[in-house]
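Below is one structure, written out as structure tokens; comments come after it.
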Amino acid sequence: MEDGNSDWPTFAEKAKKLIDEDKVVVVFGCWTSASRKAVLPVFEEKNHMLYYPLQYEGQECSRNIFYTGAAPNQQIEPSIDWLLKNKGKDFYLVGSDYVFPRTANTIIKAQLAAKGGKTVGEDYLPLGNTEVAAIIAKIRSALPNGGVIYNTLNGDSNVAFFKQMQGAGLTVDKYPVMSVSIAEEEVKAIGVDFLKGQYAAWNYFQTVESPENKKYVDAFKAKYGAERVTNDPMEAAYISVNIWKQAVEKAGSAGTPTDLEKVREAAYGQAFAAPEGPVKMNNNHHISKTVRIGEVREDGLFKIVYETAKPVDPLPWNQYVAETKGYTCDWTKKGVSAPDTPGKFKG
């Protein structure tokens with residue numbers, strides 16, 4: 001186990017150590033897209049494997065990463081559709097200043113333009129920055145009668161943002177916020193008084209009703225404490241380990257570094273009865289996932305207000321953004337196919 005210390009070069013250094021010195025057969029980890037981007041060249045150069053457990057911005061499809069969080073069409077895009085139908089057409093975009101929020105907002109702006117919505121403002125804060133007063137003033141000015149706020153802030157910025165939103169009188173009835181980086185643990189940290197009634201889009205919530213989830217939550221609380229909560233990235237990490245385990249078993253391999261190619265190919269099509277529901281690894285190294293939207297309850301958990309009838313297949317290359325429209329990915333056919341090379345996949 002290694003700690004990247006929220007420093008992207010450190011993530012790359014630790015990845016090299018795990019591979020070269022510790023001789024691990026697979027790595028599970030990273031959190032932000034910035035950390036994943038930092039380690040990606042390491043895994044590709046050394047032809048090793050990372051399982052990445054967080055929802056992300058897409059626009060990537062590496063043969064050396066399995067992505068078990070949501071692609072944009074399994075989180076961001078469905079939440080925009082839901083907001084347009086239920087909450088309004090005027091959107092203000094607020095995010096932390098790094099790759100995930102900026103790419104996510106590029107997708108959101110393209111989707112809104114295609115579906116009759118409107119982006120009335122867009123602002124970013126450095127990671128960890130809590131100086132949100134100016135942004136809240138801009139939101140009030142751009143949306144004097146209310147509107148939707150789409151939140152891709154990460155970390156401590158969320159604490160200041162929601163507290164000052166409430167202090168400025170921007171209440172959920174007029175200013176609903178959809179977040180994609182706030183789950184059960186973050187609700188506890190920020191305070192339910194500041195988040196009750198606000199929304200989050202994920203594939204998993206602790207409140208999912210299924211035998212698999214009851215077993216998962218009960219086992220987690222028995223080990224870590226009854227007061228602890230589960231969340232989507234945690235569950236995606238749990239999926240990662242189980243998908244990898246099944247691939248090793250199918251490959252008939254102990255999972256040594258030299259067996260990586262056999263284990264990678266054995267992962268395709270692996271299905272797992274996850275706490276969120278059935279998932280399946282696709283040939284593009286992403287998994288099919290159920291999409292859900294939750295509303296923060298009085299107890300800090302989420303009331304599920306929307307979910308898809310079945311798992312949604314992942315599209316890592318975004319189909320609203322002109323530069324990647326028509327791109328597909330299939331690592332059984334050697335990678336990525338662009339519109340100008342239909343049917344021809346290049347590694």
Side-chain angles (χ1 to χ4, degrees), residues 32-34 55-59 70 72-73 75-182 186 190 194-202 293 295-296 318-324:
T32 61
S33 285
Q55 42 73 251
Y56 84 120
E57 71 283 354
Q59 310 300 63
N73 75 303
Q75 183 196 35
I76 293 170
E77 292 173 31
S79 69
I80 293 293
D81 288 339
W82 185 86
L83 289 164
L84 287 169
K85 181 179 179 181
N86 294 283
K87 296 297 177 180
K89 297 189 179 298
D90 292 339
F91 283 63
Y92 201 105
L93 313 181
V94 181
S96 296
D97 194 6
Y98 72 106
V99 61
F100 167 63
R102 286 195 173 273
T103 308
N105 286 342
T106 297
I107 292 168
I108 290 168
K109 287 182 289 185
Q111 184 178 353
L112 289 174
K115 300 238 172 152
K118 183 180 180 183
T119 305
V120 302
E122 180 178 3
D123 264 299
Y124 297 91
L125 282 174
L127 269 170
N129 189 295
T130 57
E131 301 297 321
V132 298
I135 290 177
I136 290 173
K138 289 181 184 178
I139 291 171
R140 185 190 290 278
S141 176
L143 295 169
N145 300 311
V148 177
I149 300 167
Y150 205 94
N151 172 32
T152 52
L153 290 169
N154 213 322
D156 294 342
S157 302
N158 277 304
V159 180
F161 180 71
F162 281 99
K163 288 183 177 180
Q164 292 189 40
M165 279 272 296
Q166 189 177 97
L170 276 61
T171 53
V172 65
D173 56 327
K174 291 182 66 177
Y175 295 91
V177 181
M178 179 67 75
S179 299
V180 289
S181 294
I182 290 180
E186 287 75 24
I190 295 167
F194 301 103
L195 287 167
K196 183 183 175 185
Q198 299 289 13
Y199 300 95
W202 293 101
I293 293 171
E295 178 183 340
V296 179
N318 192 262
Q319 302 303 299
Y320 285 106
V321 177
E323 291 78 7
T324 53

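Computed from a prediction, not measured in an experiment: that's the story for all the values here.
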* Take L84 and L112 through the test side-chain contact (heavy atoms from CB on, under 4.5 Å) and record every step on the way to the result. => CA-CA 9 Å; L84 287 169; L112 289 174; 3.9 Å; yes
* **Check: K115 and Y320 side chains under 4.5 Å, non-hydrogen atoms** => yes
* To do: Let me know which of Y150, Y199, W202 forms a side chain to side chain donor-acceptor pair (under 3.5 Å) with S79.
  => Y150
* Would you check if there is a donor-acceptor pair between the side chains of S181 and E186 at a distance under 3.5 Å? => no
* Structure fact -> What one should report as the nearest heavy-atom pair of A34 and V99 is N-CG1, 3.8 Å
* Any donor and acceptor pair, going by atom type alone, linking the side chain of Q55 with main-chain N or O of V180 inside 3.5 Å? -> yes
* Does some side-chain heavy atom of M165 sit less than 4.5 Å from a side-chain heavy atom of F194? -> no
* Asked: Counting only N and O atoms by type, is there a donor-acceptor contact under 3.5 Å from the side chain of Y98 to the main-chain atoms of T32?
  -> no
* More than 12 heavy atoms of other groups within 6.0 Å of K89 NZ -> yes
* Structure fact -> Between K109 and L93, the two heavy atoms sitting closest are CG-CD1, 3.8 Å
* For S96 and N154, indicate whether the former's side chain and the latter's backbone hold a donor-acceptor pair under 3.5 Å. => yes
* Structure fact -> Between the OG1 atom in T171 and the CD atom in Q166, the distance rounded to the nearest 0.5 Å is 9.0 Å
* Test side-chain contact (heavy atoms from CB on, under 4.5 Å) applied to V94 and L153, V132, N158, the passing residue -> L153
* Donor-acceptor under 3.5 Å (E57 side chain, R102 main chain) -> no
* Structure fact -> Between E131 and N129 the two heavy atoms that sit nearest each other are N-OD1, 2.6 Å
* Structure fact -> Between P176 and G147 the two heavy atoms that sit nearest each other are CD-O, 3.5 Å
* Asked: Measuring from L170:CG to L143:CG, what's the distance to the nearest 0.5 Å?
  -> 8.5 Å
* Rounded to the nearest 0.5 Å, what's the gap from CG on L125 to CD1 on I135? Could you check? => 3.5 Å
* Structure fact -> Test side-chain contact (heavy atoms from CB on, under 4.5 Å), reference I76, set I108, T152, N105, N318, output is I108
* Structure fact -> When every non-hydrogen atom of F162 is compared with those of S179, the smallest separation belongs to CZ-OG, 3.7 Å
* Donor-acceptor contact present, side-chain E77 to main-chain Q111, <3.5 Å -> no
* Structure fact -> In short, P72 meets P78 closest at the heavy-atom pair O-CD, 3.7 Å
* Gap separating the OH atom of Y92 from the CD atom of E122, nearest 0.5 angstrom -> 9.0 Å
* Compare all side-chain heavy atoms of Q59 with those of V321 and state whether any distance is below 4.5 angstrom. => yes
* **L83 side, atom CG; D90 side, atom CG - distance, nearest 0.5 Å** => 12.5 Å
* How many angstroms lie between CD1 in I107 and CD1 in I80, if you round to the nearest 0.5 Å? -> 10.5 Å
